[in-house]
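Heads up, the thing below is written out as structure tokens.
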Amino acid sequence: MDPLSALRDYTIRGELDSIVRLNDEFRFGSDYSFPCSAETAYRSKQGSLYTLETLLYFVRNHHVKHIEYLQKARTQGIPAVTLPDRKPLLEYLQGKVSSSDAIEFLVPPNTINLNLNNSRFPDLPLASSFIPSESTAPNPNAVDDFSEPTAQNADLSSTKMIQAIERPLKDRESLLECKQRDFYSVLVASTKREEERQRIESQQRKDGLVAKSRLMGSEETRYGDESGYDATPKPKMHLKGSKIGEGVPIILVPSAFQTLITIYNVKEFLEDGVFIPTDVKVKQMKGTKPDCVTVQKKFSRDRVVTAYEVRDKPSALKADDWDRVVAVFVLGKEWQFKDWPFKDHVEIFNKILGFYMRFEDDSLESAKTVKQWNVKIISISKNKRHQDRTAALEVWDRLEEFVRSRSHS
């Protein structure tokens with residue numbers, strides 16, 4: 001009895017519980033024993049033969065949804081039955097159909113009959129019946145005569161029977177199959193290595209910026225000592241000229257929650273191109289509110305990455321800090337610019353790049369005041385998060401162009 005027929009018989013009789021696993025074998029009650037990895041005669045649509053372990057696990061879990069079945073099978077390291085094979089395979093095992101085109105009955109190796117007197121399963125011919133005895137061995141000097149059932153004819157018939165049940169153990173397709181192998185851990189490990197590499201590169205860029213700043217400061221000090229001049233930096237005239245002050249450029253955002261971009265969510269928006277509402281970020285945040293956030297343009301092919309400081313307290317800025325302010329996200333309210341060191345909005349948005357963030361379906365009244373200012377209105381969707389990246393890129397493009405123009409002026 002081959003494994004597939006035995007499993008079908010036990011399934012039809014509802015005796016699957018009597019099939020138990022002992023080491024690397026499945027015991028079918030006191031009738032049969034097969035290796036767990038024995039290939040059955042049922043060939044999948046992908047071309048490989050299902051093993052007994054795969055079919056037994058499937059027929060015991062056929063009532064489970066396919067996705068859950070795949071997850072459970074993967075957890076236990078058992079190859080799963082594919083979705084196209086589920087229905088025809090189950091119908092055959094349950095006896096609803098008597099045959100299938102996917103079945104190729106072969107005499108399985110290593111089959112042990114535990115009950116030779118059981119009449120329910122016909123016994124297979126013993127291997128010894130295929131081996132000719134010395135008395136029936138062909139005589140090389142005898143004349144071939146196939147007209148009568150001689151011993152030589154019987155030997156040839158036995159050879160044909162053996163050849164008929166032969167099958168290759170390996171072919172070029174089965175060699176490429178990695179049975180009972182899970183490469184998910186390889187994917188996880190490679191992903192972690194890539195994330196660690198990006199984190200190290202980002203840290204190295206930040207360290208390089210700090211080191212460069214310190215090196216420039218030490219060079220200025222040394223030059224001042226050798227020349228006899230006082231190396232102490234003189235205080236700049238407040239906002240005289242149009243060049244950016246020394247240090248990391250500053251971007252100002254409103255501190256009010258009714259604006260879309262705040263110090264809570266500006267990093268995700270500018271670095272990752274994803275808008276997260278402020279109230280969601282506040283709930284996720286652990287610790288106190290940051291006074292300053294550093295952002296960089298990550299999604300860029302340019303290897304030169306500039307860092308920016310994002311702050312939301314203009315009152316805490318010193319005179320030299322205002323020279324480093326390059327952009328501001330406006331709230332659309334006049335009181336946002338109270339106590340700013342500028343005469344009016346014209347002077348503010350001539351020296352500082354302005355952005356106004358809004359939802360694309362908001363009323364035009366919300367941007368009525370902003371349209372009178374020299375600011376860029378950036379619209380995003382309330383629900384389509386895949387469009388956030390385009391809006392963030394527009395901010396970066398205008399910001400980098402503005403910084404270049406001020407640096408060369």
Side-chain angles (χ1 to χ4, degrees), residues 1-64 69 72-73 75-82 85-131 157-170 174 177 179-180:
M1 176 63 68
D2 66 284
L4 181 63
S5 299
L7 179 61
R8 181 173 185 265
D9 184 75
Y10 271 68
T11 303
I12 294 174
R13 292 190 285 114
E15 297 181 4
L16 290 176
D17 293 338
S18 61
I19 303 176
V20 296
R21 178 168 185 160
L22 183 62
N23 296 327
D24 293 333
E25 293 183 343
F26 283 121
R27 294 290 178 87
F28 285 68
S30 59
D31 297 326
Y32 290 94
S33 174
F34 302 98
C36 298
S37 59
E39 292 184 338
T40 66
Y42 202 97
R43 187 176 296 276
S44 70
K45 296 185 184 299
Q46 295 180 350
S48 59
L49 294 173
Y50 285 121
T51 63
L52 178 60
E53 183 180 29
T54 296
L55 296 188
L56 180 59
Y57 186 80
F58 165 70
V59 77
R60 285 176 171 173
N61 296 273
H62 70 274
H63 57 282
V64 180
Y69 159 72
K72 292 173 63 177
T75 301
Q76 299 189 23
I78 301 175
V81 173
T82 61
D85 289 331
R86 282 180 64 102
K87 184 177 179 181
L89 175 59
L90 185 61
E91 289 179 347
Y92 176 76
L93 292 177
Q94 292 179 344
K96 296 180 180 179
V97 295
S98 58
S99 62
S100 173
D101 294 337
I103 299 175
E104 300 175 4
F105 275 115
L106 301 171
V107 178
N110 302 327
T111 303
I112 303 173
N113 192 340
L114 299 181
N115 186 2
L116 298 177
N117 296 325
N118 195 331
S119 61
R120 288 181 300 172
F121 304 115
D123 296 333
L124 293 174
L126 298 177
S128 60
S129 63
F130 297 117
I131 303 176
S157 299
S158 300
T159 303
K160 291 181 179 180
M161 290 184 64
I162 294 175
Q163 292 176 346
I165 63 176
E166 286 181 349
R167 62 180 176 83
L169 294 178
K170 294 288 183 180
S174 61
E177 294 179 356
K179 297 181 179 179
Q180 299 182 354

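Position 1 is the first residue of the sequence, and the numbers go up from there. Since we're looking at a predicted model, the values are computed, not measured.
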State the CD1-OG distance between Ile103 and Ser5, to the nearest 0.5 angstrom.
7.5 Å

Test of understanding: with side chain to side chain contact (heavy atoms under 4.5 Å, CB included), list the residues that count as partners of Gln94, not counting sequence neighbours.
Thr11, His62, Leu90, Lys96

Inter-residue atom distance Ser99.OG - Tyr92.OH, 0.5 Å rounding:
8.0 Å

Is the Lys NZ or Arg CZ of Arg86 less than 6.0 Å from the centre of Phe58's six-membered ring, within 45° of the axis?
no

Looking at side-chain heavy atoms only, is the closest gap between Thr54 and Thr40 below 4.5 Å?
no

Specify the closest pair of heavy atoms between Pro3 and Phe34, including all atoms of both residues, with the distance to one decimal.
CG-CD2, 3.6 Å

Close side-chain approach of Gln76 and Tyr57, heavy atoms under 4.5 Å:
yes

Glu25 and Ser33: side-chain donor and acceptor closer than 3.5 Å?
yes

Closest heavy-atom pair and its distance - Ser44, Asp85:
CB-OD2, 3.1 Å

For the residue pair Tyr10 and Phe28, does the interplanar ring angle fall in the parallel (under 30°), tilted (30 to 60°) or perpendicular (over 60°) class?
perpendicular

Evaluate side chain to side chain contact (heavy atoms under 4.5 Å, CB included) for Leu52 paired with Leu7, printing each intermediate quantity in order.
CA-CA 8 Å; Leu52 178 60; Leu7 179 61; 4.3 Å; yes

Can you name the nearest heavy-atom pair linking Leu16 to Arg60, along with the distance?
O-NH2, 2.9 Å

Ile12 and Gly95 have their tightest heavy-atom pair at CD1-CA, 3.7 Å

Looking only at heavy atoms, the pair that brings Leu89 and Tyr42 closest together is N-OH, 3.5 Å

Could you measure the distance from the CG atom of Leu4 to the CG atom of Leu93? Nearest 0.5 Å is fine.
6.5 Å

Take Thr82 and Gln46 through the test side chain to side chain contact (heavy atoms under 4.5 Å, CB included) and record every step on the way to the result.
CA-CA 9 Å; Thr82 61; Gln46 295 180 350; 3.6 Å; yes

Pair up each side-chain donor or acceptor in residues 17-24 with any protein partner under 3.5 Å, not counting sequence neighbours, and list the distances.
{"residue": "Ser18", "atom": "OG", "partner": "Glu15", "partner atom": "O", "Å": "2.6"}
{"residue": "Arg21", "atom": "NE", "partner": "Asn23", "partner atom": "O", "Å": "3.1"}
{"residue": "Arg21", "atom": "NH1", "partner": "Glu53", "partner atom": "OE2", "Å": "2.9"}

Could you check Tyr50 against Glu39 for side chain to side chain contact (heavy atoms under 4.5 Å, CB included), going step by step and ending with a plain yes or no?
CA-CA 6 Å; Tyr50 285 121; Glu39 292 184 338; over 6 Å; no

Do Asn61 and Lys72 come close enough that some side-chain heavy atom pair is under 4.5 Å?
yes

